[in-house]
There are 2 protein chains.
Amino acid sequence: MDDEKAADLFGALSNGDRLKVIRALVEAGPDGMSAGDIAGKIKASPSRTSFHLSALFDAGFILRERRSRSLIYQVDFKRIGGLVNFLMEGCCKGSSELRSCCSF
Amino acid sequence: MDDEKAADLFGALSNGDRLKVIRALVEAGPDGMSAGDIAGKIKASPSRTSFHLSALFDAGFILRERRSRSLIYQVDFKRIGGLVNFLMEGCCKGSSELRSCCSF
DNA sequence: TATTTATTTCAAGAGGTATTGAAATATGGA
DNA sequence: TCCATATTTCAATACCTCTTGAAATAAATA
């Protein structure tokens with residue numbers, strides 16, 4: 001992970017529709033949701049939803065699996081965690097004394 | 001915090017220069033860094049650095065304080081934490097049984 | 001007060017991202 | 001095979017963001 005890559009990943013999160021998708025999938029957990037259900041939940045057209053799902057999928061935030069006619073999406077928590085850890089890397093010069101400044 | 005606001009905040013993080021700034025300030029911790037030192041660290045011109053510092057300041061990710069001729073910037077960990085918590089809100093339907101799926 | 005240092009502001013141009021609706025693709029069932 | 005359902009792809013348009021360099025502002029010192 002470098003700064004430009006991480007910036008692209010944050011870019012994938014910098015859209016209201018895409019955050020609605022992520023948050024819906026965070027709540028859904030391992031069950032996931034179909035593209036159609038996601039479109040209904042975020043109140044967006046199929047093509048618009050698909051556009052945003054692709055952006056999130058390309059960034060690695062969501063996983064996709066076909067179940068019959070539907071595509072089921074799930075959030076990938078590891079990707080979110082990796083990005084947060086990148087941001088906090090080397091926090092406060094690595095000093096354990098100052099470590100509390102990094103907690104949230 | 002709503003989806004559009006959070007999207008703007010992620011937008012403020014969706015740039016390589018701005019991530020370099022944040023990460024430098026995360027490392028610097030409570031000491032902070034001057035705008036000039038930041039410009040040197042991220043290898044960007046003063047005007048470009050100032051543009052990105054403004055974006056981060058407006059988003060609330062960094063705090064600013066004048067010390068003599070210099071402006072000293074510090075990261076605001078609370079803002080980062082608030083954004084991460086927004087993303088993970090209601091994780092896995094709030095089920096404590098499934099809570100492990102949300103950890104990273 | 002005049003000068004130097006530190007930083008921000010501004011305008012113009014280039015490049016990137018979102019929305020729409022129609023058409024294409026993929027799958028399952030009659 | 002034919003049809004219906006589920007989802008993606010595409011092209012056009014509109015909008016937003018970044019970079020650059022020059023000029024403006026702010027504060028400290030001689």
Side-chain angles (χ1 to χ4, degrees), chain A residues 2-25 28 31-75, chain B residues 2-25 28 31-75:
Chain A
D2 63 15
D3 294 294
E4 295 305 324
K5 176 66 182 173
D8 286 348
L9 299 191
F10 280 117
L13 299 178
S14 69
N15 175 279
D17 284 336
R18 290 201 289 269
L19 285 184
K20 288 195 186 81
V21 170
I22 292 267
R23 281 160 48 82
L25 292 178
D31 294 346
M33 289 176 78
S34 71
D37 287 350
I38 293 169
K41 176 93 177 181
I42 73 171
K43 296 180 178 44
S45 70
S47 84
R48 191 168 143 193
T49 303
S50 179
F51 171 78
H52 291 306
L53 286 172
S54 291
L56 290 171
F57 182 79
D58 292 347
F61 285 113
I62 59 177
L63 307 167
R64 179 163 62 191
E65 167 195 16
R66 185 171 283 279
R67 266 214 286 280
S68 178
R69 274 191 279 218
S70 295
L71 284 171
I72 305 297
Y73 286 91
Q74 275 179 278
V75 70
Chain B
D2 63 15
D3 294 293
E4 295 304 324
K5 176 66 183 173
D8 286 347
L9 299 190
F10 280 117
L13 299 178
S14 69
N15 175 280
D17 284 336
R18 290 201 290 268
L19 286 184
K20 287 195 186 83
V21 170
I22 292 267
R23 282 159 48 81
L25 292 178
D31 294 345
M33 289 175 77
S34 71
D37 287 350
I38 293 169
K41 176 92 178 183
I42 73 171
K43 295 180 178 45
S45 71
S47 84
R48 191 169 144 194
T49 303
S50 179
F51 171 78
H52 291 306
L53 286 172
S54 291
L56 290 171
F57 182 79
D58 292 347
F61 285 113
I62 60 178
L63 306 167
R64 179 163 63 192
E65 169 195 13
R66 184 171 283 280
R67 266 214 287 279
S68 178
R69 274 193 278 217
S70 296
L71 285 172
I72 305 297
Y73 286 91
Q74 275 179 278
V75 71

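Sequence lines set the chain letters: A, B, ... in the order given, protein chains first and strands last, and positions in each chain run from 1. All values derive from a computational prediction rather than experimental measurement. The figures that follow rest on heavy atoms only: side chains count, while hydrogens, waters and symmetry mates do not.
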Out of D:dT8, D:dA26, C:dT19, minimum distance to the side chain of B:Arg66 belongs to D:dA26
Angle class for the B:Phe10/A:Phe10 ring planes (parallel below 30°, perpendicular above 60°, tilted otherwise)? parallel
From the options B:Leu71, B:Ile72, B:Ile62, B:Leu25, select the one residue that forms a side-chain contact (heavy atoms from CB on, under 4.5 Å) with B:Ile38. B:Leu25
From CG of B:Leu9 across to P of D:dT17 the rounded distance in Å is 13 Å
Output yes when at least one side-chain N/O atom of B:His52 is less than 4.0 Å from OP1 or OP2 of D:dT19, else no. yes
Does B:Tyr73 put a side-chain nitrogen or oxygen below 4.0 Å from OP1 or OP2 of C:dT8? yes
Is B:Arg18 touching bases, backbone alone, or none of the nucleic acid, heavy atoms closer than 4.0 Å? sugar-phosphate
Nearest-angstrom distance from the residue atom CD of A:Glu65 to P of C:dT27: 14 Å
Nucleotide C:dA6, atom P - distance to CE of B:Met33 in whole Å: 14 Å
Respond yes when some side-chain nitrogen or oxygen of B:Ser70 is under 4.0 Å from OP1 or OP2 of C:dT7, and no when none is. yes
Looking only at the side chain of B:Ser50 (C-beta and beyond, no hydrogens), which of the listed nucleotides D:dT19, C:dT9, D:dT8 gets closest? C:dT9
Value in whole Å for how far the P atom of C:dT17 lies from CZ of A:Phe51: 9 Å
When you measure from the side chain of A:Arg48, which nucleotide among D:dA28, C:dT19, C:dA18 comes out closest? C:dT19
Nearest whole angstrom, please: distance from the P of C:dT7 to the CZ of B:Phe57. 15 Å
Nucleotide nearest B:Ser34 (side chain, heavy atoms from C-beta), chosen from D:dA28, D:dT7, C:dT7: C:dT7
Could you state the CZ-P distance from B:Phe10 to C:dT17, rounded to the nearest angstrom? 17 Å
Can you tell me whether the side chain of B:Ser47 and the base of D:dG21 have a donor-acceptor pair closer than 3.5 Å? yes
Can you find a donor-acceptor N/O pair under 3.5 angstrom joining the side chain of B:Arg69 to the base of C:dT4? yes
Nearest-Å distance, CG (B:Asp37) to P (C:dT7)? 8 Å
Heavy-atom check, side chain of A:Leu9 versus side chain of A:Lys5, under 4.5 Å: yes
Using whole Å, report how far CG of B:Asn15 lies from P of C:dT17. 12 Å
What one should report as the nearest heavy-atom pair of B:Thr49 and B:Ala35 is CG2-O, 4.1 Å
Between B:Asp3 and A:Arg23, is any pair of side-chain heavy atoms under 4.5 Å apart? yes
